[in-house]
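Since the structure is predicted, the reported quantities are computational estimates derived from the model, not experimental observations. Whatever order the structure lists them in is the order used to number ligands and atoms, beginning at 1.
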Amino acid sequence: MKPIRLDKYLADMGAGSRSQLRQEIRKGLVQVNGETAKTPDQKINPDQDQVALRGERIAYVSFEYYMLNKPAGVLSASRDRKEKTVLDLIAEHSRKDLFPVGRLDKDTEGLLLITNDGALAHELLHPKKHVNKTYFARLTGPVTPQMVQAFAEGMDIGDETLTRPGELRILKNGPQAETEITISEGRFHQIKRMAKAASTEVLYLKRLCMGPLCLDPALACGAYRPLTQEEKTALQRLVRNETI
Ligand code: URA
């Protein structure tokens with residue numbers, strides 16, 4: 001890993017603002033490899049150097065990845081002045097620069113990846129990547145073969161271009177049909193707008209998968225956990241174009 005300034009090292013780990021930390025370093029409260037640090041611009045090699053603030057060791061973490069089962073009623077944003085955000089639900093983390101990869105509507109539940117890996121987020125969200133997203137959707141009314149076909153052909157939802165083809169699979173048909181819907185874009189309110197264009201409405205929406213990452217069924221609504229090594233590897237393979 002590239003060397004980084006001491007004040008950035010500590011700020012990245014959420015130990016305080018850069019200006020607070022500069023003062024703490026100047027006050028002699030920070031040790032590097034057991035020696036009191038003198039200047040905030042001292043270069044730290046995160047792989048080798050040991051940094052402590054007020055005697056407490058602070059290890060450096062470059063990237064963090066969490067899977068959250070987003071509950072309804074919470075905003076897919078990093079912070080908001082009034083409303084609770086998905087980041088308020090990630091109680092224990094090291095990095096202060098976490099963000100949600102993409103957005104789910106406030107009333108949508110399910111899989112949300114929270115990370116500080118901007119390159120990965122860029123790949124997952126890039127419109128040209130066509131990463132599949134699968135949702136569980138409860139709809140008003142029964143699903144007809146015409147609706148399945150409309151999803152499969154791509155739909156006019158009022159944008160300049162038709163949507164890419166999607167897949168509407170019936171799990172349980174009836175007055176409140178239960179379905180799984182897979183799309184490969186991320187347009188604003190896309191599932192709700194596609195449902196409307198197919199003369200139905202979404203009563204409940206939950207994201208199940210995004211690319212190779214699928215919601216852990218053991219994660220309760222509102223709960224989160226770090227990604228496993230296998231999940232991280234699957235996402236890295238996607239970034240390297242090895243899978244889509
Ligand atoms: N489509 C929607 O309409 N809402 C979401 O939250 C996600 C996809």
Side-chain angles (χ1 to χ4, degrees), residues 66-80 82-90 98-115 120-141 143 147-148 150-171 176-217 219-224 235 238 244:
Y66 296 101
M67 172 189 294
L68 170 70
N69 185 355
K70 177 193 174 296
V74 176
L75 291 186
S76 295
S78 296
R79 56 191 63 82
D80 190 84
K82 292 195 191 122
E83 301 206 45
K84 193 168 179 168
T85 74
V86 288
L87 278 187
D88 294 327
L89 300 174
I90 311 293
L98 295 177
F99 59 88
V101 177
R103 282 170 189 269
L104 293 175
D105 296 338
K106 191 173 169 186
D107 59 355
T108 301
E109 296 183 356
L111 175 69
L112 200 55
L113 173 63
I114 311 279
T115 184
L120 174 67
H122 179 78
E123 291 296 318
L124 283 171
L125 299 175
H126 198 287
K128 291 209 171 118
K129 275 278 181 175
H130 306 310
V131 172
N132 278 347
K133 277 138 304 226
T134 297
Y135 295 81
F136 170 85
R138 191 172 301 118
L139 306 172
T140 55
V143 172
M147 284 158 72
V148 174
F151 268 78
E153 283 172 354
M155 301 168 100
D156 180 358
I157 57 171
D159 291 343
E160 274 178 18
T161 54
L162 296 184
T163 68
R164 283 171 55 80
E167 197 185 335
L168 171 61
R169 296 179 296 281
I170 302 168
L171 301 175
Q176 290 193 358
E178 294 186 354
T179 65
E180 260 183 24
I181 299 175
T182 299
I183 55 175
S184 55
E185 295 166 297
R187 302 192 196 185
F188 184 62
H189 295 326
Q190 183 162 347
I191 299 276
K192 290 174 185 163
R193 288 160 72 207
M194 287 175 88
K196 208 163 179 194
S199 310
T200 179
E201 236 178 272
V202 172
L203 294 171
Y204 172 80
L205 192 60
K206 176 176 183 174
R207 183 154 65 190
L208 302 175
C209 296
M210 184 180 198
L213 190 64
C214 288
L215 184 65
D216 182 342
L219 266 190
C221 197
Y224 70 96
L235 289 172
L238 177 101
I244 286 197

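For Tyr135, no nitrogen or oxygen atom sits less than 3.5 Å from a nitrogen or oxygen atom of ligand 1, counting backbone and side chain alike. Polar contact check, Leu205 against ligand 1: no nitrogen or oxygen pair lies under 3.5 Å apart. Between His189 and ligand 1, a contact under 3.5 Å exists for at least one N or O pair.
Between the choices Lys106, Lys192, Lys206, Arg207, the shortest heavy-atom distance to atom 3 (O) of ligand 1 belongs to Lys192.
Considering only heavy atoms from C-beta on, Leu112 comes within 4.5 Å of Arg207 through its side chain.
Between the side chain of Glu123 and the backbone N or O of Leu238 there is no donor-acceptor pair closer than 3.5 Å. In this structure, the side chain of Arg138 does not engage the main chain of Tyr204 through any donor-acceptor pair within 3.5 Å. For Asp159 (side chain) and Thr161 (main-chain N/O), no donor-acceptor pair under 3.5 Å exists by modelled atom type.
The shortest contact between atom 4 (N) of ligand 1 and any protein heavy atom is with Asp105 OD2, 2.7 Å.
A salt bridge does not link Lys70 to Glu109: none of the charged side-chain nitrogens sits closer than 4.0 Å to a carboxylate oxygen.
Every atom of ligand 1 is numbered from 1 in the order shown, and the set under 4.0 Å from a heavy atom of Gln190 is 1 (N), 2 (C), 3 (O). Below 4.0 Å from some heavy atom of Thr108 lie the following atoms of ligand 1, by number and element: 4 (N), 5 (C), 6 (O). For ligand 1, the atoms sitting less than 4.0 Å from at least one non-hydrogen atom of Ile191 are 1 (N), 2 (C), 3 (O), 8 (C), numbered in the order shown with element in parentheses.
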side-chain contact (heavy atoms from CB on, under 4.5 Å) for Leu171 and Thr179? Distances and angles first, verdict last. CA-CA 5 Å; Leu171 301 175; Thr179 65; 5.6 Å; no
